[in-house]
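Reminder, nothing fancy here: chain letters follow the sequence lines and each chain counts from 1. Computed over heavy atoms, backbone and side chain alike; hydrogens, waters and symmetry mates excluded.
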Number of protein chains: 2
Amino acid sequence: MDTEIVEMLRGKGLKVTPQRLAVMKLLSRGGHFNGEQIYEELKKNEPSISLSTVYNALEALENAGIVNSFEANGITWYEMATKAHINVFCLDTKEIIDVSANLQDIENQLMEKGFDVKNVSVVAYASCNKVSNK
Amino acid sequence: MDTEIVEMLRGKGLKVTPQRLAVMKLLSRGGHFNGEQIYEELKKNEPSISLSTVYNALEALENAGIVNSFEANGITWYEMATKAHINVFCLDTKEIIDVSANLQDIENQLMEKGFDVKNVSVVAYASCNKVSNK
DNA sequence: TTTTATCTTAGAGTAATTAAAACTTATCAT
DNA sequence: ATGATAAGTTTTAATTACTCTAAGATAAAA
């Protein structure tokens, strides 16, 4: 239901717009999307949406702590802000795979050093070894 | 002395060019540089160098495992490939600060899952709390 | 010292993102 | 419900950070 998302946005003091709802619904499906992918996907239902709006919405959602972003392969990727994990960029398939890991020590170490940590991004570049590379 | 660098490049099967030497000497000073910064710095001594050459040299050096790169704040940063560490992007000063940390578990976990890991990038976005933000 | 594969250069080209300006809308207080 | 207003959206243009190409130059092997 949309109600949850609506309340989530309201709770963070964000205006609830159809565009933001659509971004949230897409990201809620799970996985990783870049700006262009989100734009292309949302255009299917709402052809008038613009790429700027997508980026604006993502920025607002990220600032509110609902969405998380990281950079890999020269692109910014967005995902729902859930539990911290490793994002593995597969050099064979160019897919991003979530790998769970305990990253709490990292954040703790930084806090101990006096940093006020907003986001920790762990990106690994690797071959998944499941593809035949001739 | 340049001899060390020359031998390092030769050992990796790379041609030794004045441009690559210059990139290596700059990165050897320590710290993090982006393509434009390296270009601007090298131009001081060799005005004919081009930005493409900088990126080409960095790519060759990275492929050889001599140089490491990571992305932060929409920019690719280059550093000498030394011990794995956390790169903290300070949201106040926009500087990148190295923070040592044990990242071996991360790489091990990925290896156990069958990944052939080429590079692990840990980037934290944080305030250093040493700057007065009015 | 000639050969040749590789590198460098200059400049054009591209992809991803950001900015500006004008218009539209979600929310709140009537 | 209504109207004000702050915030969000759209379109278009601009910017940033690379990336590519083609032609000339050069490091290193023979």
Side-chain angles (χ1 to χ4, degrees), chain A residues 2-3 5-24 32-43 45-64 66-67 69-78 89 94 96, chain B residues 2-3 5-24 26 32-43 45-64 66-67 69-78 89 94 96 123:
Chain A
D2 291 3
T3 326
I5 299 177
V6 169
E7 283 172 6
M8 191 172 209
L9 299 183
R10 288 243 169 81
K12 297 288 188 179
L14 295 178
K15 275 194 186 178
V16 178
T17 67
Q19 295 83 355
R20 285 173 181 180
L21 273 179
V23 170
M24 286 294 288
H32 317 79
F33 302 84
N34 63 41
E36 187 71 25
Q37 288 174 338
I38 295 170
Y39 174 58
E40 290 302 330
E41 193 60 31
L42 301 198
K43 260 206 307 201
N45 283 320
E46 189 50 64
S48 74
I49 196 166
S50 83
L51 188 51
S52 291
T53 299
V54 170
Y55 280 111
N56 288 341
L58 289 167
E59 187 187 10
L61 295 168
E62 184 168 18
N63 287 338
I66 302 170
V67 162
S69 78
F70 62 93
E71 293 164 39
N73 207 36
I75 292 173
T76 305
W77 301 90
Y78 298 87
F89 182 87
K94 316 300 182 200
I96 294 166
Chain B
D2 290 4
T3 326
I5 300 176
V6 170
E7 282 172 7
M8 192 170 209
L9 299 184
R10 289 241 170 83
K12 296 289 186 177
L14 295 178
K15 274 194 184 178
V16 178
T17 67
Q19 294 83 353
R20 287 174 178 179
L21 272 178
V23 169
M24 286 295 288
L26 174 55
H32 317 78
F33 302 85
N34 63 41
E36 188 70 27
Q37 288 173 339
I38 296 170
Y39 174 58
E40 289 303 328
E41 192 61 31
L42 300 198
K43 260 206 310 199
N45 284 320
E46 189 50 65
S48 75
I49 196 167
S50 86
L51 188 52
S52 293
T53 300
V54 170
Y55 281 110
N56 288 342
L58 288 168
E59 187 187 11
L61 294 167
E62 184 168 18
N63 287 339
I66 302 170
V67 162
S69 77
F70 61 95
E71 293 165 41
N73 206 36
I75 292 172
T76 305
W77 301 91
Y78 299 88
F89 182 87
K94 314 301 181 201
I96 295 166
V123 177

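- Residue B/Pro47 is out of contact with every strand shown, counting any heavy-atom pair closer than 4.0 Å.
- With A/Met24 as reference, A/Ile66 is the one residue of A/Asp2, A/Val6, A/Ile66 to meet the side-chain contact (heavy atoms from CB on, under 4.5 Å) rule.
- Taking the six-membered ring where tryptophan is involved, the planes of B/Tyr78 and B/Tyr55 are perpendicular, since the angle between them exceeds 60° and thus also 30°.
- Residues B/Val123 and B/Glu71 have side chains not in contact (no heavy-atom distance under 4.5 Å, counting atoms from C-beta outward).
- Distances shorter than 4.0 Å separate none of the side-chain N or O atoms of B/Ser50 from OP1 or OP2 on C/dA10.
- In this entry the distance linking CD of A/Glu71 with P of C/dT17 reads 8 Å, nearest Å.
- When the P atom of C/dT8 is taken as reference, atom CD of B/Glu59 falls 12 Å away, rounded to whole Å.
- Each of B/Val16 and A/Arg20 has a nearest nucleotide on DNA chain D; the 5'-most of these lies closest to A/Arg20.
- Comparing B/Thr76 and B/Lys15, the nucleotide of DNA chain D nearest to each residue sits closer to the 5' end for B/Thr76.
- Taking 4.0 angstrom as the limit, B/Tyr55 places none of its side-chain polar atoms (N or O) nearer than this to OP1 or OP2 of D/dT19.
- A side-chain donor-acceptor contact under 3.5 Å links B/Glu62 to the backbone of B/Ser69.
- Here the P atom of nucleotide D/dC18 and the CD1 atom of A/Ile75 are 13 Å apart, to the nearest Å.
- Residue order along DNA chain C, read from the 5' end via each residue's closest nucleotide, puts A/Leu51 first among A/Leu51 and A/Gln19.
- The phosphate of D/dT9 (OP1 or OP2) has a side-chain N or O of A/Thr17 nearer than 4.0 angstrom.
- Summarising the geometry, the separation between OH on A/Tyr39 and C1' on C/dA15 is reported as 15 Å, rounded to the nearest angstrom.
- Rounded to an integer number of Å, the gap from CG of A/Leu14 to P of C/dC28 is 12 Å.
- As rounded to whole Å, 14 Å separates atom C1' of C/dA16 from atom CG of A/Asn56.
- For the pair A/Ser52 and D/dT9, the criterion of a side-chain N or O lying under 4.0 Å from OP1 or OP2 is not met.
- Atom CD in A/Glu46 sits roughly 14 Å away from atom C1' in D/dG8 (whole-Å rounding).
- Contact annotation: the side chain of A/Val16 never approaches that of A/Ile5 to less than 4.5 Å [non-hydrogen atoms, C-beta and beyond].
- In this structure, B/Asn34 reaches neither bases nor backbone, as no heavy-atom distance under 4.0 Å exists between it and the strands shown.
- The nearest whole Å value for the distance from the CH2 atom in B/Trp77 to the C1' atom in D/dA17 is 12 Å.
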